[in-house]
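What follows is a set of notes on a single structure, which appears directly below.
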Amino acid sequence: LGPTICVGEILVEIVATTVGDGFTDAQPLVGPYPSGAPAIFIDQCGRFGGAAAMIGAVGDDDFGRVNLDRLKRDGVDVSAIAVDPDWPTGSAFVRYRADGSRDFVYNIATSAAARFGWTAEVEALARRAGHLHVMGSALSMPEAREVIARALPIVRARGGTVSLDPNLRKELRQGAEAGQLFATLLSECDLLLPSGEELELAAGTDGEARAVGTLLTGGCGEIVLKRGAAGASAFAPDGSRVDALAFEVEELDPTGAGDCFGGAYVTARRLGLPTEAALTYACAAGARNVTVRGPMEGAATRAELDAFIAATPRAPG
Ligand code: ADP
């Protein structure tokens, strides 16, 4: 029906290599790596072998070229990525705390990452898209909200599907407008991909079963819950449920796992694979990605995932 499209921040990411308590202490850092949750998602779609295209912006600089080169290499259509002559490519810094949580410093609003809008290229892409994936992090940008709100009815009108990953980041402010668009997407998405507490936050209810029920009754077509090192579960409105065990790996850098998981799941389903097989690929994509430093560095081809699945034990449930 047409490519999977994703809208939002394209960044370079600098990653701390030690565990600490904030950004105030000097620390060893590595990077820049191509990044931005929507960009990681779409890179995994392309790498898996699905038609994929990105909407966003980079600066006319090396950081922008790092991203464009990577996305192109992995088969992503970059024709609707704007190259801004005046602003630098966006960046993110990530640091890990001893309790497993993360802190980000984002340079998005003051960079090229937020400087895109509804252009002829974007409209042309929306008119041939088969699937729109929305990352909650992108909803912090008014520019992305406008593009998503305009693309949504166009993709829908031609029979395309929609997925939503809440991807909540405490560092990215989500105002009332973002909340409204999020609620619209929640009630009409074909697939919701929350992780951890995002399920209950999205539903506004406590308890996994109750939250799943509330969201499916509210119009969401399918829910795939990401459970980190505990795997994932898919819930359908008919009450059916498919659970997948995680793969047993040593976690080096968790950033990007959920984006790779989503890219593999959406693409596998769009290529016609059943839920169970798509979940296995998604868990493999997430697990493989955490073994590699850099958020997009572990994005894998289908053949790489087949090899990973054959070679890696499943974690006990
Ligand atoms: P997010 O990155 O969105 O917070 P998760 O941390 O749940 O999402 O990771 C997404 C998926 O990646 C998980 O459902 C799981 O399949 C896989 N994954 C993530 N972390 C690990 C890990 N430490 N070991 C094995 N699989 C993992």
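Bear in mind the structure is a predicted one, so any value in this text is a computation, not a measurement. Worth knowing before you read on, the calculation uses all heavy atoms, side chains too, and leaves out hydrogens, waters and symmetry mates. Numbering of residues begins at 1 and proceeds along the displayed sequence. All ligand and atom numbering here is 1-based and tracks the order in the structure.
Using a 4.0 Å cut-off between charged nitrogen and carboxylate oxygen, E222 and R269 count as a salt-bridge pair. Between R241 and D243 there is a salt bridge, since a side-chain N of the basic residue sits under 4.0 Å from a carboxylate O of the acidic one.
From Y106, atom OH reaches atom OG of S140 across 8.5 Å, with rounding to the nearest 0.5 Å. Once rounded to the nearest 0.5 Å, the distance linking NE2 of H133 with CZ of R270 reads 12.5 Å.
Of all heavy-atom pairs spanning A126 and A151, the tightest one is CB-CB, 4.2 Å. Closest approach of A112 to D84, counting heavy atoms only: CB-CB, 3.9 Å.
Ring geometry, Y281 versus F48: the interplanar angle exceeds 60°, so the pair is classed perpendicular (tilted spans 30 to 60°).
At under 3.5 Å, not a single nitrogen or oxygen of A257, backbone or side chain, sits near a nitrogen or oxygen of ligand 1. In terms of N/O distances under 3.5 Å, ligand 1 is approached by S195. Looking at D165 next to ligand 1, no N or O pair under 3.5 Å apart turns up. Between G228 and ligand 1, at least one N/O pair is under 3.5 Å apart. Looking at G258 next to ligand 1, an N or O pair under 3.5 Å apart turns up.
Each of V122, L132, I42 was checked for a side chain to side chain contact (heavy atoms under 4.5 Å, CB included) with V7, and the lone residue meeting it is L132.
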Pair K226-D165, salt bridge (Lys or Arg N to Asp or Glu O under 4.0 Å): steps then yes or no: CA-CA 10 Å; K226 297 173 275 180; D165 182 334; 2.8 Å; yes

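For atom 25 (C) of ligand 1, the nearest non-hydrogen atom from the set Y265, F247, F261 belongs to F247.
Atoms of ligand 1 found under 4.0 Å from any heavy atom of C283 (numbered from 1 in listed order, with element): 16 (O). Within ligand 1, the atoms closer than 4.0 Å to a non-hydrogen atom of V290 are 20 (N), numbered from 1 in the order shown. Annotation for ligand 1: atoms under 4.0 Å from non-hydrogen atoms of V249 are 24 (N), 25 (C). For ligand 1 and R227, the ligand atoms under 4.0 Å from any heavy atom of the residue are 7 (O), 14 (O). Residue contact check: G231 has heavy atoms under 4.0 Å from atoms 13 (C), 14 (O) of ligand 1. Atoms of ligand 1 lying under 4.0 Å from at least one heavy atom of G286, given by number and element, are 12 (O), 17 (C). Listed by number with element, the atoms of ligand 1 under 4.0 Å from a non-hydrogen atom of E251 are 20 (N), 22 (C), 23 (N).
Contacts between K226 and ligand 1 below 4.0 angstrom, taking non-hydrogen atoms only, involve backbone and side chain alike. Both the backbone and the side chain of A287 come within 4.0 Å of ligand 1, judged by heavy-atom distances.
Because its NZ or CZ atom is not both nearer than 6.0 Å to the ring centre of F247 and within 45° of the ring axis, R288 does not count as a cation-pi partner of that residue.
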